[in-house]
Chemist: 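This is the structure I want to talk about, given as structure tokens.
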Amino acid sequence: MPTKPRAPDNARLDRIVAEARRNQDARARTYREQALKLFPWICGRCAREFDRSNLRELTVHHRDHNHDNNPPDGSNWELLCVYCHDNEHSRELEARMGGGSPSRDDADAATHRPFADLADLLDKRRRGGG
Ligand SMILES: [Zn+2]
Ligand SMILES: [Zn+2]
């Protein structure tokens, strides 16, 4: 069996992808380090405090969601724990998908009370003594 056939184009693509990823990593490391120097190691949402042992769970959020916008004064950065960071992004996603429609279920619950009459009935019976 000959060795695995190689596609030169794929290899080139792999290299480009790897390089892009490396650049992205390097950039991410840089702004993260800068942000960690600028700000106290506290989540901006839940105020959880971090130290070196769990620092990996503290992430840098971009306020304008543009990861290329990294002003050195940190005005576009916010330190968030991974959970709050997740929350932040899912909320943004919901807002973009046009959420916020009124809930029909809530309206129904307010007008339709299936047990109200029953409770009334039981109460009357108890008081009336049968
Ligand atoms: Zn948090
Ligand atoms: Zn973010």
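One-based numbering, in listed order, for ligands and for the atoms of each.
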Chemist: Confirm or rule out an N/O/S atom of H62, from backbone or side chain, lying less than 2.8 Å from the Zn ion (ligand 2).
Modeler: no
Chemist: Between the Zn ion (ligand 2) and H61, which N, O or S atom of the residue is the nearest one?
Modeler: ND1
Chemist: Check whether any side-chain heavy atom of R45 lies under 4.5 Å from a side-chain heavy atom of N87, and answer yes or no.
Modeler: no
Chemist: Are I42 and F50 close enough that some pair of their side-chain heavy atoms sits under 4.5 Å apart?
Modeler: no
Chemist: Is there a side-chain contact between R48 and N54 (heavy atoms, below 4.5 Å)?
Modeler: yes
Chemist: Going by the angle between their ring planes, with limits at 30° and 60°, are H62 and Y31 parallel, tilted or perpendicular?
Modeler: perpendicular
Chemist: What is the SG(C46)-the Zn ion (ligand 1)-SG(C43) angle, to the nearest 10 degrees?
Modeler: 110°
Chemist: Just checking: H85, one of its N/O/S atoms, less than 2.8 Å away from the Zn ion (ligand 1), yes or no?
Modeler: no
